[in-house]
Amino acid sequence: MNKLDRRILKTQESLKKAVIELMSEKSFDEITIQDIADRANVNRGTIYLHYQDKYDLLDKLIETHLNELGDMDQWACELDWVDALVPYFEYFEKNYLFFSTMLASKEGKGAPSSFRTRLLASFMEGFKGEIDRESGKNGELSEDVLLQFTGTAYVGVIEWWIRNGMPYPPQAMAKQVGTLLGRSL
């Protein structure tokens, strides 16, 4: 496996940071490649060396975050709900600018309009193996309905927490949301 050159990684991180900063100031549709280049302190051609266009850049940024969250799913299933959720809420806190921008972005033709849908699908996929059928509490419930209900509630709480300036620390959120998810699934 080839390691990416540090300069390439630094440039890509700079471009990703620039697009998120710009999105916190104006709608994605209004952002130009030149705006991104100026903010990242690179020339326009550099962007096209790494990405097809601004949509590709944003899509790669979203994929990075969804993959990092997905990687947490690997070991989170081994823990109880509260302990499993602490790293997620710490991740949301650490990446506040990204999540606050993406969850607050206006609908448009660009990738931001699909972020919430992709985040929801990612969490619903992660919840699939967590449904408790053995105790009988979810025996008569449809898996589709239960996953939609739980996933939508989880994303909604994350959205509320971020939009309200994270009024509770990650550990407190993990405890409360973990308790609620334990009751649902």
Side-chain angles (χ1 to χ4, degrees), residues 4 9 12-24 28 57-107 110-135 137-138 141-185:
L4 276 180
L9 289 173
Q12 289 175 344
E13 287 304 312
S14 178
L15 293 170
K16 290 174 182 176
K17 182 179 179 207
V19 78
I20 288 299
E21 287 175 355
L22 287 164
M23 286 177 61
S24 71
F28 185 71
L57 167 57
L58 185 59
D59 191 54
K60 297 289 191 297
L61 176 59
I62 291 169
E63 281 302 314
T64 297
H65 283 286
L66 292 178
N67 288 338
E68 288 176 4
L69 287 168
D71 289 346
M72 285 191 246
D73 289 346
Q74 304 297 322
W75 54 264
C77 296
E78 316 263 327
L79 304 171
D80 71 26
W81 280 112
V82 174
D83 292 336
L85 291 178
V86 170
Y88 288 92
F89 280 98
E90 289 173 343
Y91 184 84
F92 300 138
E93 180 182 54
K94 178 183 168 195
N95 296 285
Y96 173 80
L97 181 60
F98 171 78
F99 286 100
S100 64
T101 300
M102 295 305 295
L103 291 170
S105 66
K106 305 285 185 276
E107 293 291 320
S113 62
S114 69
F115 176 72
R116 192 177 193 286
T117 303
R118 291 170 71 180
L119 184 65
L120 174 60
S122 172
F123 288 135
M124 286 172 55
E125 186 63 33
F127 290 155
K128 275 186 180 175
E130 301 300 318
I131 297 174
D132 180 2
R133 297 274 186 207
E134 294 175 20
S135 71
K137 75 176 180 178
N138 295 319
L141 298 176
S142 163
E143 181 177 285
D144 292 343
V145 172
L146 186 56
L147 289 172
Q148 187 67 43
F149 172 80
T150 308
T152 302
Y154 184 45
V155 171
V157 168
I158 294 165
E159 207 169 16
W160 168 84
W161 184 61
I162 289 172
R163 284 186 177 181
N164 286 284
M166 299 178 296
Y168 302 101
Q171 296 75 13
M173 289 302 295
K175 183 175 183 180
Q176 292 185 56
V177 174
T179 300
L180 293 167
L181 287 173
R183 290 177 186 170
S184 298
L185 295 171

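- You'll find the side chain of Tyr154 stays beyond 4.5 Å of the side chain of Leu120, heavy atoms only.
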**Q.** Trp81 and Thr179: CA distance, side-chain angles, deciding distance, side-chain contact (heavy atoms from CB on, under 4.5 Å) verdict
**A.** CA-CA 7 Å; Trp81 280 112; Thr179 300; over 6 Å; no
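- Judged as a side chain to side chain contact (heavy atoms under 4.5 Å, CB included), and not counting sequence neighbours, the contacts of Lys175 are Val82.
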**Q.** Criterion side-chain contact (heavy atoms from CB on, under 4.5 Å) on Met124 and Val155, from CA distance to verdict
**A.** CA-CA 10 Å; Met124 286 172 55; Val155 171; over 6 Å; no
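- Glu159 CD to Leu119 CG: the interatomic distance, rounded to the nearest 0.5 Å, is 9.0 Å.
- The side chain to side chain contact (heavy atoms under 4.5 Å, CB included) test applied to Tyr96 returns Ser100, Ile162, Met166, not counting sequence neighbours.
- Using a 4.0 Å cut-off between charged nitrogen and carboxylate oxygen, Lys17 and Glu13 do not count as a salt-bridge pair.
- Side-chain contact check for Phe127 versus Leu146: every heavy-atom pair is 4.5 Å or farther apart.
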Q: Might you work through the side-chain contact (heavy atoms from CB on, under 4.5 Å) test for Val19 and Phe28, ending with a clear yes or no?
A: CA-CA 8 Å; Val19 78; Phe28 185 71; 4.0 Å; yes
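- Contacts of Lys60 classified as salt bridge (charged side-chain N to carboxylate O under 4.0 Å, His left out), with partners at least two apart in sequence or in another chain: Asp56.
- Annotation: side chain of Glu125 is not in contact with side chain of Leu147 (no heavy-atom distance under 4.5 Å).
- The shortest distance between side-chain heavy atoms of Arg183 and Leu180 falls below 4.5 Å.
- Between Glu143 and Lys128 there is no salt bridge, since no side-chain N of the basic residue sits under 4.0 Å from a carboxylate O of the acidic one.
- Within the structure, side chain to side chain donor-acceptor pair (under 3.5 Å) pairs that include any residue of residues 61-70 comprise Lys16-Thr64, Glu63-Arg118, His65-Tyr91, Glu68-Tyr91 (at least two apart or interchain).
- Here CD1 of Ile62 is found 10.0 Å from CG of Leu57. Values are rounded to the nearest 0.5 Å.
- A distance-only check finds a donor-acceptor pair linking the side chain of Ser24 to the backbone of Glu21 [under 3.5 Å].
- Proximity of the aromatic rings of Tyr88 and Trp161 is defined here by a centroid distance below 6.0 angstrom, and this criterion is not met.
- Met173 is listed as a side-chain neighbour of Val157, based on a closest heavy-atom distance under 4.5 Å.
- Aromatic rings of Phe98 and Phe92 (six-membered ring for Trp) have centroids beyond the 6.0 Å cut-off, not under it.
- Shown here are the side chain to side chain donor-acceptor pair (under 3.5 Å) partners of Tyr168, two or more places apart in sequence or in another chain: there are none.
- Residues Ile158 and Arg116 are not in side-chain contact: their nearest non-hydrogen atoms beyond the backbone lie 4.5 Å or more apart.
- Proximity of a side-chain donor or acceptor of Arg163 to a complementary backbone N or O of Leu103 within less than 3.5 Å is detected.
- Residues passing the side chain to side chain contact (heavy atoms under 4.5 Å, CB included) test with Asn164 are Trp160, Pro167, sequence neighbours excluded.
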